[in-house]
Amino acid sequence: MPSPMVGRKFGVGAITAPDPKNVKGTRVVGISGSSRQEPGMSKSERLLIEALDRCKSLGCETKFIRLKDLKIYDCEGNYSENPAYCTYPCQSTMKYEDDEMDTVYTAVLDCDVLFLATPIRWNNHSALVQKFVERMNCIENQYSWFGNRMIKNKVVGLIIIGHVDGMQHVAGNLLNFFAWMGFHSPEVSIASWVGENDEDTTKDWAQIQKNQYTQEDLTDMVNSSLRLACSLKKGI
């Protein structure tokens, strides 16, 4: 009698890379929501760069954005006063000359695929990602209030890294947000890693690199995102 399968099996149902000729020119933007001071310190950001490199190797056009590097003002809640006041361009962008959120708006509106990377912060995504979410409200509001859908045929994938078991909570919140925005989720939309209870973060990157499930998820997220983007472009 065959023994029952117990636990996840590596390599079962792996998603193959799309044909490079089908994805050539696909525009992929990666947004890092880590607050680490220097580039390269963040593990979620490193995985994001790996994802972008894989896309580039297939012929995609890639763009990388660190929210930490941009001057982005907090959402001032114009919607709460009157939904008609939450417009695009965002009123904060027009109000503050040094606000750089327009860099993010332009990248998101121009892309075919968006990868968002965040660490887990007290069972939630980072404060920078929350600021991004709130400032994107003016894009979503163009459809819900003005009937102008600005997000069409775009795909989103998430990279979530942390030492507290809040990965599914973070993913649920963000996928709900992106669904309201109008994004499509691919077959594999999340690459994640959750560390041990000892919270020794000094050994995290070595463990992430050798974790076959995290690495497989990253590959499958890239491949399934690009495949879905191609289908949406062709109207399939």
Side-chain angles (χ1 to χ4, degrees), residues 10-11 13-70 103-104 106-120 125-126 128-129 132 154-162 167 171 174 178 183-195 201 203-233:
F10 177 71
I15 299 172
T16 58
D19 189 329
K21 69 182 181 182
N22 292 330
V23 298
K24 184 177 181 180
T26 299
R27 294 164 297 182
V28 182
V29 61
I31 297 180
S32 171
S34 172
S35 61
R36 300 302 297 273
Q37 295 294 328
E38 299 295 333
M41 294 177 68
S42 165
K43 274 82 72 174
S44 61
E45 188 171 294
R46 291 183 200 175
L47 283 180
L48 175 61
I49 291 173
E50 285 189 12
L52 292 176
D53 286 344
R54 296 182 189 201
C55 292
K56 187 181 296 184
S57 71
L58 292 169
C60 298
E61 300 174 6
T62 63
K63 184 178 182 64
F64 171 68
I65 294 176
R66 296 183 80 231
L67 296 177
K68 177 70 176 175
D69 292 341
L70 300 176
T103 298
V104 181
T106 300
V108 172
L109 292 174
D110 285 349
C111 78
D112 300 304
V113 177
L114 167 63
F115 293 141
L116 177 67
T118 180
I120 300 173
H125 49 255
S126 71
L128 284 171
V129 168
F132 161 79
K154 298 183 186 296
V155 178
V156 67
L158 304 176
I159 295 172
I160 303 169
I161 301 296
M167 187 278 290
L174 290 175
F178 281 111
F183 280 85
H184 296 264
S185 298
E187 184 177 354
V188 177
S189 58
I190 304 162
S192 66
W193 181 85
V194 178
T201 60
K203 62 184 180 182
D204 285 358
W205 183 240
Q207 292 184 339
I208 289 170
Q209 287 181 301
K210 69 181 181 182
N211 188 295
Q212 59 184 356
Y213 299 107
T214 295
Q215 296 301 322
E216 182 180 66
D217 284 345
L218 189 70
T219 299
D220 286 347
M221 183 192 72
V222 169
N223 292 344
S224 61
S225 294
L226 294 179
R227 285 181 173 277
L228 178 55
C230 289
S231 297
L232 291 170
K233 278 186 173 182

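Bear in mind the structure is a predicted one, so any value in this text is a computation, not a measurement. One is the number of the first residue; the rest follow in order along the sequence.
D112 places a side-chain N or O within 3.5 Å of a backbone atom of R27 that can act as its donor or acceptor partner. Not one N or O on the side chain of K68 forms a donor-acceptor pair closer than 3.5 Å with the backbone of R36. For Q215 (side chain) and I208 (main-chain N/O), a donor-acceptor pair under 3.5 Å exists by modelled atom type. Listed for the K43 side chain is no donor-acceptor partner under 3.5 Å among the backbone atoms of P119. Under the 3.5 Å distance criterion, the side-chain polar atoms of S126 are matched with a main-chain donor or acceptor of V129. Distance alone, capped at 3.5 Å, places no donor-acceptor pair between the R66 side chain and the S34 backbone.
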*Full working for side chain to side chain contact (heavy atoms under 4.5 Å, CB included) between V222 and V28*: CA-CA 10 Å; V222 169; V28 182; over 6 Å; no

*Give the intermediate values and the outcome of side chain to side chain donor-acceptor pair (under 3.5 Å) for residues S44 and S42.*
CA-CA 6 Å; S44 61; S42 165; 3.0 Å; yes

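Between the side chains of E45 and S32, a donor-acceptor pair is found at a separation under 3.5 Å.
Taking every heavy atom of both residues into account, T62 and L52 meet most closely at CG2-O, 3.5 Å. M167 and V194 make their closest contact through CB-CG2, 4.0 Å (heavy atoms, listed as atom of the first residue, atom of the second, distance). Annotation for L67 and G33: closest pair CD1-CA, 4.2 Å, computed over non-hydrogen atoms. N223 approaches I15 most closely through the heavy-atom pair ND2-O, 2.8 Å. The two residues L158 and M221 come nearest to each other via the heavy atoms O-SD, 3.3 Å. When all heavy atoms of V29 and A107 are compared, the closest pair comes out as CG2-CB, 3.9 Å.
Here the OH-CG distance, from Y213 to D220, works out to 13.0 Å after rounding to the nearest 0.5 Å. With rounding to the nearest 0.5 angstrom, the CG atom of L114 is 5.0 Å from the CD1 atom of I31.
Ring geometry, F178 versus F183: the interplanar angle exceeds 60°, so the pair is classed perpendicular (tilted spans 30 to 60°).
The 12-atom threshold is not exceeded at NZ of K24, counting heavy atoms of other residues, nucleotides or ligands nearer than 6.0 Å. Within a 6.0 Å radius of CD in Q212, other residues, nucleotides and ligands contribute more than 12 heavy atoms. Q207 CD: more than 12 foreign heavy atoms inside a 6.0 Å radius.
Partner of I159 under the side-chain contact (heavy atoms from CB on, under 4.5 Å) criterion, chosen from I190, T214, L218, T118: L218. Screening L228, V113, V156 for a side-chain contact (heavy atoms from CB on, under 4.5 Å) with H184, the sole residue that qualifies is L228.
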